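Everything on this sheet refers to the single structure shown next.
Computed from a prediction, not measured in an experiment: that's the story for all the values here. For the numbers below, each heavy atom of this structure counts, side chains included, while hydrogens, waters and symmetry mates do not. Both counts, for ligands and for their atoms, begin at 1 and track the order of listing.
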Amino acid sequence: MSAFTEIAASLPDPFRILWRETVSSTNDELRALAEKGSSEGLILIADEQTAGRGRRGAVWLSPKGENLAFSVLLRPIASKALWHRLSLAAGLAVAEALEAFVPVAEIKWPNDVRISGKKIAGILIEAGVDFVIIGIGINVNSTGFPEELAATSLREEIGEEMDRAELLHGVVSRLACRTGEIGIGFDGILKSIRERCALTGHRVSFLSADKRREGVVKGIGTAGELMVEIDGITENVVQADEVRIIG
Ligand code: BTN
């Protein structure tokens, strides 16, 4: 029994918790459960991942017992064409949950969550034929990040140890709400993301189709895309990686 299983009873339906001390990657292990037929709402949370993964094959490291590393299984009823919106919905849900503890959490499109300009959470979304896995890593109680990582944790921001189960409860509550808004309700997601957008007005460099490009971010478009002015023309960028603020 962990603090996580204690909050299980108060999670919104159909969310429920499966806690493991050590897994390879919560995304990988939850995918295996999804493929065996687990139903919507299963949350796999681990104190330690031995092969935690970030986007573009990066390693996601998190010291045992200090932070949050979990994956959520959804079987969206919305059209598959809308599933990519879950990426924005998840980033927003994490930012909103963090705002119970800090004044504002920014979103670095598509879904890195930042506080005071430093990354506090990352999200890795992976889809199967009839399911989506939302993998979330949040720095809760780790401290002393190397300067070059430009990372922070909730503990570093507020100066005291945080209850991981309480934060998990907040994130799941916001996820339950926001993931239900990818169809009707997406305007509300967009509005809330635009209010927290860390990129608008900044010059950025990003990878798109494996090509590095630069431009000034004009905002987030109606389909959730990044609007970037490049050489005087505003382009709608739907997919980009390694987005860096350079001005
Ligand atoms: C990123 O910012 O690159 C995404 C990081 C996602 C990390 C989380 S931790 C829980 C889940 N399991 C994984 O292996 N990765 C995600």
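- Shown in contact with G54 at under 4.0 Å from a heavy atom are these atoms of ligand 1, numbered in order with element: 1 (C), 3 (O), 4 (C), 5 (C).
- Interface of R55 with ligand 1, defined as ligand atoms under 4.0 Å from a residue heavy atom, comprises 1 (C), 3 (O), 4 (C).
- The shortest N/O to N/O separation between W60 and ligand 1 does not fall below 3.5 Å.
- Residue F70 approaches ligand 1 through these ligand atoms, each under 4.0 Å from one of its heavy atoms: 10 (C).
- Under the side-chain hydrogen bond (donor to acceptor under 3.5 Å, both in side chains) rule, S205 has a single partner from E242, R212, R244, which is R212.
- Near D112, meaning under 4.0 Å from any of its heavy atoms, are these atoms of ligand 1: 2 (O).
- The shortest heavy-atom distance from G52 to ligand 1 is under 4.0 Å.
- Other residues, nucleotides and ligands contribute at most 12 non-hydrogen atoms within 6.0 Å of the CD atom of E147.
- Below 4.0 Å from some heavy atom of T26 lie the following atoms of ligand 1, by number and element: 10 (C), 11 (C), 12 (N).
- Of all protein heavy atoms, the one lying nearest to atom 9 (S) of ligand 1 is Q49 NE2, 3.4 Å.
- Proximity of R56 to ligand 1 is not established, as no heavy-atom distance is less than 4.0 Å.
- Inspection of the T22 and E48 side chains reveals an N or O donor paired with an N or O acceptor under 3.5 Å.
- Short contacts between ligand 1 and K119, defined as distances under 4.0 Å to a heavy atom of the residue, involve ligand atoms 1 (C), 2 (O).
- Closest to atom 4 (C) of ligand 1, if we only count protein heavy atoms, is I123 N, 3.5 Å.
- Residue D231 places its CG atom among 12 or fewer non-hydrogen atoms of other residues, nucleotides or ligands, all under 6.0 Å distant.
- Close approach of ligand 1 to R53 (heavy-atom distance below 4.0 Å) involves ligand atoms 5 (C), 6 (C), 7 (C), 13 (C), 14 (O), 15 (N), 16 (C).
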*What's the verdict on side chain to side chain donor-acceptor pair (under 3.5 Å) for S38 and R16, showing C-alpha distance, side-chain angles and the deciding distance?*
CA-CA 11 Å; S38 290; R16 59 209 188 276; 5.6 Å; no
